[in-house]
Every structure is written in structure tokens, then in C-alpha cells.
Amino acid sequence: MDVRIFLLLIFLSSVAFGQNKQLLYNFESLPQNLMANPGAETSFDMHVGLPFFSQISVSAGSTGITMYDLFKVDDGTINDRIRESLSDLSNRDFFTVNQQMELIFLGWRDQRKRYFSAGIYQELDAFLYFPKDLAILAYEGNKSHMNKSFKFADAAFTAEVVNVFHFGFTNFYSEDLNYGVRAKLYSGIFNAQSINNRGVFRTVPTPEDNNVYRHFVNGLDANIYTSGWASLTDEDMTGMQTMNSLGKKAFLGGNLGLGVDLGFSYYLNDKTKITGSILDLGFINQKKDVENYRYYGNYYTDGIEILFPGPGEERPSYWDDWEDHLDENLQDETYYDSYLTWRPVKLNASVDFGFNEDAEPCNCRKPTGRRRYLQHLGFQWFAIRRPKGFVHALTVAYDKKINDNISGKVSYTVDSFSYSNVGLMVSTRLNKFNFYLAADNLLSYPNLANANNVSVQLGLQLIFNRE
Amino acid sequence: MSTMKLLFRLTLLSIFFVMTSCVKDLDLDQAQEIVIPPSVALDLIYFTIDSSDFFSAGASGPLVARDEVRLEFLDDDYIRDGLMRADYNFIFENSFTQTFNAKFTFLSENNLVKYRVNFVIPAGSSASPATIDYTEIINVDEIKAIRESIKMFVEIEMVPNGEAFEGELQLKSKAFYKFEFK
């Protein structure tokens, strides 16, 4: 592959924290709140999402670098900027994309005030750490990095496409506590991951040994696991067969997994509520259409020793012998063993203060029966588990019910991407019809190229209250 | 206002919101200028030889040691085209009392001579071996010759001086390759 394309892919795959839905979290008038916290309270009694449109969520993000950093117009050159970026980025910086689309989402409250919800959504999630050592080796070479151990562990990524079938309920335990559970059945369409790689490459000056340098590959053990990839690259399959195959995988014909979401809302008093949720505590057993690749071994070389055979003696095949020795010691294999993947677990916790009491009579059966407020000020913590550890975000948010038809929320988030993430959500409701639009990083909209991440969520649905 | 009318207006507002966001002060054409410029340091060949490795070249020719090695580091169009400079560094240590002519000849697949590196290895002694650290720098105006080479023919020719031909000749060598991948 053209190295430029590779670099561009790395730098521009700017795609998300996506999983942090700080604008939807704790927003009681939207059913999607239940997907962020199955123990959330609901201020409606039934909902039916417009198929394929009840939630469309896209987000993309990169830490440490933006498109503007690379492609801005100034007196410098793009190559100077790439060099600077290489030195600025660390192996904890990452690029991520997340996209979700609800195919079906509906819910209803029973006579015992429990709210049940069920649906299907499709999700794409990709996460790539910046492979710092390997990028330096590719960009600068080893000449200026004698004795440096270039770590293969820096290469780490996950990518998956799944369909999620879910069913959950939220129930009040007491006036103080509301809890909820959501069971999830994952239908894996595609998975690829390479994590926990090991080994180093190093060049060491060896003036006392055979040659000037010794090049080492020590303890290499790198794996790339894939499922759903081999059939995509099968040249014998027609386009229609490929589509059929993807369709089957999306609807329980592929790799299956199980998961659960748990959550709660707890009132310290009428005005103060704390909430928490753990999402996607689950796994997928990748056993169909699996193709894995492994690269492993130990090797060092001093170059090629030449032996000066005498007249009539056969000249050794130096290069072939050198390559054979390399291949014997650094091996690759393709294997087809099933493997288990853990979904990226998400954690939410918040404290929420209500003020300006809503004195209007409520038709809904708000389970805990606590007082309702027109305005809230909330603080939320979000974390998502990635291969090298949790990634965190902190949000302060203010939401207001403007009138019966319009509510809004504004948020400020500090995360790995930036300290200037301001988000806004508007939710409108006319009769039974609800439309909402949420977007963050609004300060970047005048020039999106300068944004470390952008996310947008929107949806259409019918929401009912008992009359 | 009807629901549909409001939804229509909200949709328009959403589109306006997205349309007014923009990407500016950006020149994506700069991608054409991206150059990946690694400098690679590689071991090349090494040997230690004594008088038994030398043979007479012809009936009355000088004593020579000859060998040939394929160097397929550059056996790829993308790599070859990106090569901008090559520095070949040869370090000899000579305990013979004779001098030698060192000849490194870069050859194509069809054995056409593409580049020659020739220099003299000074005489030393077993008590005080002579050392020569020779570097041949092949810049961009000559690099085509290296791009077209795949083999290196090595010839070490002894220059007789009437003294006993005893000792060892050791070579260590490395290459710096400077690339510019576009």
C-alpha cells in the first residue's frame, strides 16, 4: 500500500468517543436514555421508534491531532507538520469511530409501573491506538535510533460490526430507588482485533562482534484475529452471495454473544438524584468465518558472511540461506481457532440537581413519584474500556423543559479529545411525535477540521402518555 | 403549527446547522506533497580470510579472493524508486604485510556492471594490523545505478611485495539507505 495512503488512513481515520452520550444521559423524556442507563426513570408510558430512524448516531475522534494540524495553510510544509505530530503523539493517543443505528426500538409500561423496552440496533465500533514506535521506524528509519527498542505492542486496534437484540426493563424498588436491567444478544457481523502484541526490534552497534551492527527481533508474538473477514475477501463469492452472507450474520446466523446492561437511579432527596450504569458487560464467541494470523519468533543477524569458495567449489546461495534462516526463526501462520472478544464496557455515573419545580399535573406514571423539576444541573462521569485501559470523560450539563413541546440540554465535556467540548440537544414533541437532535463540539463547527472529535445523534419516534 | 410543519422546519434547521459548519483554511492537496523519508542502517557483508582463500587469477596473474552475493534488500519497485542515496561503508583490518586492491562491483540481474567501488587496503602486520574505514557515497544523481543492481561481486587482489603471504584480512561493512517514499 502506498505509504501516504497508510499515513492518511492513520491520521484521518478521525472517528469517536462516540459511545459517550452525555446529551442523552439522564434526559428522562427520551427513550434513548434507557440505552444509556437501563435504570433511568421515564416520563412517558410507551414509545415506538420510527424504524431505522429512532436513533442515528455517528461520532469520530482523534486525540492529539486534527486534520487542521496537518493540512492547515501556513508557511510550513506538511512534512514538517507530520514530523512534529510524530513527536507529539504518544502510544496512548487514539483514533476512533462509532456509529449506531436503531432498526427497531419500542417500549411500554405495565400496570405495575415497570417500563419494558426492546429493540435491535446495529453498531460499528473501531478503535486504533497510534502505533508510535512502528510509525517512527517507518518514518525515520533506524539510523538515528541505535539501541532503541521499537515495541510491537504499540500496534493495537479493535474493529467490529454487530447487530444487537435487546430486551430490558426498569422498575422502581422504592420511592428512592429505580433500577433496570437489559439483556443483549449480540450477532457479530465482522470483527478484527490485534491486541497484547509482544516483541521488539532493535539495532545495536557491535564493534567487537562480526559486523558493525546486530539487528534483533526479540520475543515477537503478534496476532491479528478476524471473523467475517475471510468470506468478504473470498473472490469466488458473488456480490449477492456476500450480501446474503452479511444479512445472515446480522440476524443471528453469525457469531453470537451475550451481554447485559445494569443501571440505577437513586434519590437522595426530591431534588438530588444519583445514577449509575454499566453497559455492554458481554462477550461474543467468534467461531464462524474465523481467520487469524500470527507472527512470532526470535532472530538476530549480523548481515551476510561470505566464504570465498575455491576454484571448482560451489558458491553458497548466501541470500537464499539468509532468507531461509530468517523464515525459520521469524514465522508466520494462519490459523482458524475460535476466540472470545469482550465488548467495550462503558460506565456512567452522575449526580443531578433539580430546581424550579414543575407544578403541572402529570399524566405519566413516573414510578418513584418524586417531585419533578423544569431544570436540572448534572455532573456525569463516563468511561469506556479500551485495550490499554479505560478512557474517561467528565461532563457538566444543564437541561430545561421550555414548554410541553420543547426541551433542551447544553453540556460541557472534558475528555481525551479536548477541554472545549460544548454540546447542545433539542427535543421537540408535538402530539405523539418526537424529534431530537444532539450534537457536541459545537465550538468546532465554524471549522470542523480543527475538531478532535464530532458526534451527532438524532432520531424520530412516537411517544405516548396515558390519558 | 402542525406537527409536520414543525418537523419540516426542524429538518431544515438541522441541514442548515450541518451546512454552515465548514472545513476551512485547509489544503488537502498537500497530501500530494507527503514524503516518507526513512534513513535505514543495515549490516551488509562480513568476512575474515587468510592466505588459503586466495587463488591465482590465471597462470601468472595476482592472487585474488573472489565471491559474489545477491543483495535483495532493494528487490521491490516501490523500495527501489524511493531510494535517494546510499552510503556504503567498508572497514578492513589487515595483518598481512601486503597491500590489497579491494573491488566491489554492483551488478544487474544480467551481470551488467552498474557501479564500482575500488580502493586500496594498506599493508599492516600481525603486531599492528592496518585499518581502513572507507565510505562511498552515492548521491541522487548516481543512485539509478544502485537501483538497478541486485548483486555485488567482491574481489580482493593481493599486491605482491616479495614478503611471506601470511596474516588475516577482516571486513565489516554497512549500508545507509536514504529513502523518499511518495
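A note on names: the letters A, B, ... follow the listed sequences, proteins ahead of strands, and every chain is numbered from 1. These numbers come from the heavy atoms of this one structure, side chains and all, not from hydrogens, waters or symmetry mates.
- Closest non-hydrogen pair, A/Gly310 versus B/Phe55, comes out as CA-CE1, 3.5 Å.
- Contacts between B/Gln170 and chain A at a heavy-atom distance below 4.5 Å are absent for every atom of the residue.
- In this structure, B/Gln30 and A/Arg81 have side chains that are in contact, with non-hydrogen atoms separated by less than 4.5 Å.
- In this structure, the separation between CD1 on A/Ile306 and CE on B/Met152 is 6.5 Å, given to the nearest 0.5 Å.
- Within a 6.0 Å sphere centred on CZ of A/Phe53, other residues, nucleotides and ligands contribute 12 heavy atoms or fewer.
- Of the atoms belonging to A/Asp321, not a single heavy atom falls under 4.5 Å from chain B.
- Only the backbone of A/Pro207 comes within contact range of chain B, judged by heavy atoms closer than 4.5 Å.
- The local environment of CZ in B/Phe165 is crowded, with over 12 non-hydrogen atoms from other residues, nucleotides or ligands closer than 6.0 Å.
- Taking a 6.0 Å sphere around CG of A/Asp404, one finds it holds 12 or fewer heavy atoms contributed by other residues, nucleotides or ligands.
- Taken to the nearest 0.5 Å, the CG atom of A/Asp302 stands 9.5 Å off from the NZ atom of B/Lys172.
- Pairing each heavy atom of A/Phe71 with each of B/Ala31, the nearest pair is CE2-N, 3.7 Å.
- For residues 37-54 of chain B, the interface with chain A (any heavy-atom pair closer than 4.5 Å) comprises B/Pro37, B/Pro38, B/Ser39, B/Val40, B/Ala41, B/Leu42, B/Asp43, B/Leu44, B/Ile45, B/Tyr46, B/Phe47, B/Ile49, B/Asp53, sorted by residue number.
- Across A/Val73, A/Thr203, A/Asn142, the residue that shares the most heavy-atom pairs under 4.5 angstrom with chain B is A/Asn142.
- In this structure, no portion of A/Ser317 lies under 4.5 Å from any heavy atom of chain B.
- Heavy atoms of A/Glu140 lying under 4.5 Å from chain B belong exclusively to its backbone.
- At most 12 non-hydrogen atoms from other residues, nucleotides or ligands lie less than 6.0 angstrom from CG of A/Asp75.
- Residues passing the ring pair (Phe, Tyr, Trp, His ring centres under 6.0 Å) test with A/Phe27: none are found, sequence neighbours excluded.
- Counting all heavy atoms, side chain and backbone alike, B/Arg70 lies closest to A/Trp319 at O-CE3, 3.4 Å.
- Within the 3.5 Å criterion, the main-chain N or O of B/Lys174 finds no donor-acceptor partner in the side chain of A/Asn211.
- Atom CZ of B/Arg116 has 12 or fewer heavy atoms from other residues, nucleotides or ligands within 6.0 Å.
- In this structure, B/Asp67 CG and A/Tyr318 OH are separated by 3.5 Å, a value rounded to the nearest 0.5 Å.
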